[in-house]
Amino acid sequence: MDFDFKEVEKKWRKEWEDKEVYKVTEAPNLPKYYVLDMFPYPSGAGLHVGHPLGYVASDIYARYKRLKGFNVLHPMGYDAFGLPAEQYAIETGTPPQVTTDKAIKTYRGQLDKIGFSFDWSRQVKTCEPEYYKWTQWIFLQLFDSWYDRANNRAENIFTLDSYFAENGCINWPQHDKDDHAEFTDVEWNNFSVEEKQKILMHYRIAYQSYSEVNWCEALGTVLANDEVKDGKSERGGYPVERRKMRQWFLRITEYADRLLSGLDTLDWSDAMKDMQRNWIGRSEGALVQFHLSQTLSKGEGISSQYILTPDPSPSERGAEQVRFMTGAKEVSVKNLEHAKQHRKEPTEAEEKLWQEIRNEKLGFKFRRHLIDKYIVDFVCLFKGLIIEVDGDIHEFTKEEDAIRTLVLNQHGFTVIRFANNEVFNDLQNVLEKIKATATELNERIDSALSGLSDNQEVAVSPLSFGEGQVRKIPVFTTRPDTIFGATFMVIAPEHELVTSLTTAGQQKEIDDYIAYVKSRTDVERQQEKKVTGAFTGSYAVNPFTNTEIPIYIAEYVLAGYGTGAIMAVPADDERDRKFAEKFGLPIIEVIDKSAHPNAEIGDKVGTMINSGMLNGKEVKDAIKLILDEIEKQGIGKRKVNYRLRDAGYSRQRYWGEPFPIVYKNDIPYPLPVGELPLRLPEVDSYKPSGDGRSPIANNKAWVNLPDGSQRETDTMPGYAGSSWYFLRYMDPHNDKEFAAKDKLKYWQSVDLYLGGNEHAVGHLLYARLWHKFLYDMGYVPTDEPFKKLINQGMIQGVSAWVYRLSDIIISSTETPQSTLEKRPQIFVSYEICKTLKPLLGKSFKEIEGQFDLLPDDLKDCISKVYSAINEIGNVPEFMGAFDILDFTSRYVEVSVVDGDALNIDGFKSLPRLWTENSLFVYDSNGEITCERAVEKMSKSKYNVVNPDDVIEKYGADCFRMFEMFLGPLDQSKPWDQQGIDGVGKFIRRFWRLFGPTQTLPEGEGFNAIKLNLSDEKASPAELKILHKTIKKIADDIERLSFNTCVSQFMICLNELNDLKCTKREILEPLLIVLAPFAPFLTEELWQALGNTGSIHKAAFPKFEEKYLVESAFTYPVSINGKVRAEIPLALDLDEAAMKAAVLSNENIQKWTNGSEPKKFIFVKGRIINVVV
RNA sequence: GCCCUAGUGGCGGAAUUGGUAGACGCGCUCGACUCAAAAUCGAGUGCCGAAAGGCGUGGGGGUUCGAUUCCCUCCUGGGGUACCA
């Protein structure tokens, strides 16, 4: 009797469900194994044959591990929040919940048919409040934590609060002056709640910040970078613009190093690790300060209108400096703004000195202060003493400084100056000098302050440290060794200093260039490699060559990377060189690469030249040397830079997890944990609110709370729910914790994780971040979530196109358009189209004229086309419709194409293409062939194959095995169903091997079958086949090589068939080996063998080496590496005996001519090679 | 451009550590069964050649007794990423 897969599948699906065969509970006495598939998003389109590829593989693996005695966790659920359902809601008003539920139902139905062993009792859906309660809870943990770099781990935010309460943030290494001003413990304790919250926000792991985002007006939402393609939204292709918005972020950058180093501990493919490494983009280099080379550095962001044409370099400018001093009052106002805006970035020397004189350490109160139009480095108002620290720049600004001193003197101040070097090398002496001068001075405070208003003092002091960035520009470089060749500087057009650096003379040029940059889309920026830029008019000083270098802006420097500024080294950087060539800037060669003929520009090889102290050094050593020197001189410091940015965590959308956050006075506060889950509110409309907020903002009653506070209207992104779902599976119904400690401890982490590599950087990086965070907080026992990762390849579709004659109408035709539209289509076999290629585009008249000259095959084809046209031509209203020979191709459903040939009956069921009066031009085989090509499987390409259809025709077991038989799991391959018959044949032959007969008469249902097996003892040959198979299948499953497993099953079956083996001793264990692949077939036969339990709870047969041991081997014997003979020889023969046997072989003697071989190579059990 | 990955018969693919290249399946050819078809079973099938033999794993070169496998170089397809300093 034949294998009735429909009945068998129906029977066991029900049985497995009724008996909860795949339900798993924690069993401490069993070793655990966690096999997980990547969370699917249930799309409305349902599964196509590509989706289950990974699920089948993981299911086989999970079933195999169970048979091997492991307690296997193998769950499935849905990543149910997402844009498609919301987009559908916007279009139709259908609530996303409804759309999603429906899609999940479809998915589940499809999955069930394939016979997966998921423990469905553990299913989770991210959109359920029972689930997202814990997503919100984890978010609150992230919000309530900060990253302590000292211990390299996350800590609860209260530890930071109490640190500040005791120490303030002075001298705290993690304090970034860009973020907030310094404060003492006393100050902290006196801060208002709001002030404290604002400061703590700079440290929270989930934090808010204003940042430029990809704003898409049409979708009414912010898009992630990978959701933006070519400057348009990936979904819908709407325009995207940059816009500043307050957004939630996750401080993933703090974890960059651990995310990087953690990769080394993982069993992932190198490709995948590389992708993550590239994404994190760690680069080691230096942050180097370049001072500005003009009075501007002293004048601090003086608006360019006050600076007169400094286009020539400052040393060339001469007397113009004096005029710079006019307009002091207005300048002061500008100064104040700049002082506030840029009160950060003191030079290293200033900072060092400040630490020694602050807090009245010398007995005098020093502060930063605005005096006239200058912000002086340090001033003691009571003594009227000003201390200035000068960098190398002082060399170029002596004149300006002299004037500055003069002005300050006029206000009654004494000015003393120190060089950077003095501060670094002889600090004690400096301090003593300050002390001595201060002590000497009479109190002159009254006169000193005479020119200043109170307002200014309050505004500037004491926070206006440092002289603002305009005095120096930090650059990031990975090639500090080439600094002697830095002949110009380039900053990003978006750089915040562009305005301050632009001189009056260059204003127009810069404005024009910025306008040009803004006008360019991302596509244009990517496609053209044009070298563009503009000169700001300002100069910086190369700290090592002490030469002035011009500062340009150019779009090849990105605002978001490094400091948004580079030192350009045209000698050893491709882009810098092109830029220098275009703008005529000097190129100083700094590396001699003559010893490395293959080295290209930018390669880190060669010997340094023209580089002062570095001359003669190899690049590698030079990098180290110069870094030391840079740090010694206080010009800069070593710095590790990451490409990785903090992860945007806000979405202005409806269909996502609401934030458990309430704003009071615009400060966000967490909801108490007891109020979780904060449920997604209902809304009247799913359309974005229009003001940039999500549709949730439309529900005012929900947003505005009675106490005057407001709820957050953003929702969390797609990756929120999917960043921790694998933990929830361990304890999916727990309403006290996201998962109980003991269950987390039992299941640990995912042992095998399978999915597509589209998640390579997004999901996998975020999930690792969450996991590491939860690990830091002591909630999970492991610091990496996915030990072993396998990426299944994509299954591509094989698209098909049907060809027809084009509707080309010459204008002289007087046939009305409406008539032409009704004109019959003439479908032409692709074979004929290919043959007629030489005639394409010619008019039929012309072809007719040269008909006799055409080769026969063309004549033949064109005649066929003619007769079709004539058939239509006979209908008067269509006369003259075709003038030119041309074809148009249309996608045709792959379901109506067999091989290349169109299934005409099937085609006629497609109203999209076929109409009653269509005509066909068949080729010589009587077929209409189609053009075929491999493409992505997609609805729009009509090449989607639904697994339901395949299962309907071949059964689930066959479908599963065929998916595996297609090729290596991790390789992409087209779905070509050609070979499926082979697998179907295997299933039927395997079934017949057991000699099954139906016990019930035909038509009386399907209940039990009887097998015809022998209880005879198995022969060595049979046992060898069995054990060879046991070993091969176990090995291949372990290394996830499933295609070779299927081959082995076929080989095994062929061999058993040859031996006519029907022995139970062989077939029963073999059945278990096959069970992971064909769960239905094997379960049915297992029961028919008289077993009561499920085969899927049986034990995998033990492999016995002894059955494979051979006493002889037929050696292939090669002469000079070419196989010339096969000689069977005993395996225990010694080499001499073997050599004699081989050389005496007739076949071999033909080649050796009886002479002694030069060499005799013998690999036991493998090969013999004779060299003559 | 850079990173990753692959390239083997008509097709999907196998060869796990350098050891008989093309397992297994599809397709194709021939045969058996059949009135016939389907299904099933049997034989054959890398290319050239009548044969001996030669050639053959994208191309070229190298290491080795022996290379699909290791090295160098070039070409092509797929994926990722990108003015990343």
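Letters A, B, ... mirror the listed sequences (proteins, then strands); counts begin at 1.
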For [Y], is there an ion pair with [X] - N to carboxylate O distance below 4.0 angstrom?
| X | Y | result |
| --- | --- | --- |
| A/R577 | A/D573 | no |
| A/E284 | A/K639 | no |
| A/R479 | A/D572 | yes |

Does [X] have a side-chain nitrogen or oxygen under 4.0 Å from the phosphate oxygens OP1 or OP2 of [N]?
| X | N | result |
| --- | --- | --- |
| A/R277 | B/G80 | no |
| A/K973 | B/A6 | no |
| A/R1124 | B/G53 | no |
| A/R988 | B/U40 | yes |
| A/R992 | B/U40 | no |
| A/N278 | B/A82 | no |
| A/N1054 | B/G25 | yes |

What contact category does A/E574 fall into here, base, sugar-phosphate, or nothing, at under 4.0 angstrom with non-hydrogen atoms?
nothing
Please tell me which of A/A271 and A/Y561 maps to the more 5' nucleotide of RNA chain B, matching each residue to the nucleotide holding its nearest heavy atom.
A/A271
Of A/M275 and A/R989, whose closest RNA chain B nucleotide lies nearer the 5' terminus?
A/R989
Using the [atom1] atom in both, what is the distance from [N] to [M], to the nearest Å?
| N | M | atom1 | result |
| --- | --- | --- | --- |
| B/A51 | B/G61 | C1' | 35 Å |
| B/G18 | B/C4 | C1' | 25 Å |
| B/G46 | B/U68 | C1' | 15 Å |
| B/G78 | B/C30 | P | 38 Å |
| B/G62 | B/G80 | P | 38 Å |
| B/A21 | B/A32 | C1' | 33 Å |
| B/G49 | B/G42 | C1' | 29 Å |

Quick check: any donor-acceptor pair below 3.5 Å linking the side-chain of A/K1159 to the base of B/U64?
no
Does a distance-only test, which skips hydrogens and angles, find a donor-acceptor pair under 3.5 Å between the side chain of A/S1047 and the base of B/A23?
yes
What's the verdict on salt bridge (Lys or Arg N to Asp or Glu O under 4.0 Å) for A/R988 and A/D981, showing C-alpha distance, side-chain angles and the deciding distance?
CA-CA 10 Å; A/R988 288 195 296 274; A/D981 284 335; over 6 Å; no
Gap between atoms [atom1] and [atom2], on [X] and [N] respectively (whole Å):
| X | N | atom1 | atom2 | answer |
| --- | --- | --- | --- | --- |
| A/E963 | B/G12 | CD | C1' | 14 Å |
| A/L966 | B/A14 | CG | P | 11 Å |
| A/R575 | B/C84 | CZ | C1' | 7 Å |
| A/M794 | B/G80 | CE | C1' | 12 Å |
| A/D270 | B/U5 | CG | C1' | 11 Å |
| A/N1043 | B/C26 | CG | C1' | 15 Å |
| A/M964 | B/C24 | CE | C1' | 16 Å |
| A/D1058 | B/G42 | CG | P | 8 Å |

Look at the aromatic rings of A/F488 and A/F579 and report parallel, tilted or perpendicular, splitting at 30° and 60°.
parallel
Walk me through whether A/R282 and A/D257 qualify under salt bridge (Lys or Arg N to Asp or Glu O under 4.0 Å).
CA-CA 8 Å; A/R282 182 180 202 272; A/D257 237 355; 3.3 Å; yes
